[in-house]
Amino acid sequence: MCLAIPGKLVDVFDDHGLKMGRVDYAGTVNTACLEYVPEASAGEYVLVHAGFAISILDEQEAQKTLDLWDEMVEAAASEGMDIFGMPLDAQDHARGSTEELP
């Protein structure tokens with residue numbers, strides 16, 4: 001499954017000649033390459049796929065996508081799964097949880 005996720009561009013910088021940026025995805029900040037959207041500037045929303053910003057979004061469009069993402073996460077959780085279809089209990093075991101399962 002391939003996903004492109006919107007995030008807010010919080011910083012733009014040069015890394016060895018490549019235009020890069022730090023993108024905030026609802027509190028998680030990661031680096032993305034901005035070479036495909038060289039006009040992007042801090043404060044704008046970008047759509048990022050596989051570490052590359054591929055387009056600029058207006059804030060309203062980005063928020064609609066983020067709202068849909070939240071709905072998908074909640075729907076999956078109500079079924080006991082994460083967004084990728086993994087059982088939530090299995091993730092506790094993978095992380096080394098020592099809590100007893102019901």
Enquirer: Would one find more than 12 heavy atoms of other residues, nucleotides or ligands at under 6.0 Å from atom CD of Q63?
Expert: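 Correct, the count exceeds 12.
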Enquirer: Do V23 and L47 belong to the same hydrophobic cluster, where Ile, Leu, Val, Met, Phe, Trp and Tyr are linked whenever their side-chain heavy atoms lie under 4.5 Å apart, directly or via other members?
Expert: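 Result: no, two separate clusters.
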Enquirer: How about P87 and M81: do any of their side-chain heavy atoms sit closer than 4.5 Å?
Expert: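 Yes. Closest side-chain heavy atoms under 4.5 Å.
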Enquirer: Calculate, to the nearest 0.5 Å, the distance between atoms CD1 and NE2 belonging to I5 and H49 respectively.
Expert: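 Here the rounded value is 10.5 Å.
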Enquirer: For L57 and P6, which heavy atoms make the closest approach, and how far apart are they?
Expert: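 Taking every non-hydrogen atom into account, CD1-CB, 3.6 Å.
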Enquirer: Could you report the tightest heavy-atom contact between E39 and E44, atom names first, then the distance?
Expert: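 Result for this residue pair: O-OE1, 3.9 Å.
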Enquirer: From L34 CG over to I56 CD1, what is the distance, rounded to the nearest 0.5 angstrom?
Expert: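 The CG atom of L34 sits 9.0 Å away from the CD1 atom of I56.
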Enquirer: Is there side-chain contact between Y45 and T65, with heavy atoms separated by less than 4.5 Å?
Expert: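 They are not in contact (no side-chain heavy atoms under 4.5 Å apart), so the answer is no.
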Enquirer: Roughly how far, to the nearest 0.5 Å, is CZ of R22 from OG1 of T31?
Expert: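 It comes to 6.0 Å.
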Enquirer: For a quick test of reading the model, state the closest non-hydrogen atom pair linking A40 to L9 and the distance between them.
Expert: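 Smallest heavy-atom distance, with atoms named: CB-CD2, 3.8 Å.
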Enquirer: Find out whether V46 and S55 are in side-chain contact, i.e. whether some heavy atom of one side chain is under 4.5 Å from a heavy atom of the other.
Expert: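 Answer no - side chains too far apart.
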Enquirer: Does F13 have any ring-ring contact (aromatic ring centres under 6.0 Å, His included) partners at least two apart in sequence or in another chain, and if so, which?
Expert: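 Listed in chain order: nothing, the list is empty.
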Enquirer: Within the structure provided, determine whether I83 and V73 are in side-chain contact (heavy-atom separation under 4.5 Å).
Expert: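 A side-chain contact under 4.5 Å exists here.
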Enquirer: Sequence neighbours excluded, which residues qualify as ring-ring contact (aromatic ring centres under 6.0 Å, His included) partners of Y25?
Expert: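 So Y25 forms no ring-ring contact (aromatic ring centres under 6.0 Å, His included) with any residue.
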Enquirer: Quick check for you: to the nearest 0.5 Å, what is the distance between D58 atom CG and K64 atom NZ?
Expert: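 It comes to 8.0 Å.
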Enquirer: Quick check: closest heavy atoms across M20 and D15, and the distance to 0.1 Å?
Expert: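 Answer, listing the atom of M20 first, then D15: CG-CB, 3.7 Å.
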Enquirer: Please find the pair of heavy atoms, one from A76 and one from D82, that lie closest to each other, and give the distance.
Expert: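 Nearest heavy atoms, A76 then D82: CB-O, 3.5 Å.
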Enquirer: Looking at residues at least two apart in the chain, or sitting in another chain, which of them share a salt bridge (charged side-chain N to carboxylate O under 4.0 Å, His left out) with E35?
Expert: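 E35: no salt bridge (charged side-chain N to carboxylate O under 4.0 Å, His left out) contacts found.
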Enquirer: Donor-acceptor pair, distance only, cut-off 3.5 Å: does the side chain of K8 make one with the backbone of D24?
Expert: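 Here the side-chain-to-backbone pair does not exist.
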Enquirer: Do you know which two heavy atoms are closest between I54 and A4, and how far apart they sit?
Expert: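 Closest approach of I54 to A4: CD1-CB, 4.3 Å.
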Enquirer: Could you measure the distance from the CG atom of L3 to the CZ atom of F84? Nearest 0.5 Å is fine.
Expert: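 Answer for the CG-CZ pair, L3 versus F84, is 6.0 Å.
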Enquirer: Considering residues, nucleotides and ligands other than Q60, do more than 12 of their heavy atoms fall under 6.0 Å from its CD?
Expert: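 Open: at most 12 neighbouring heavy atoms sit under 6.0 Å from CD of Q60.
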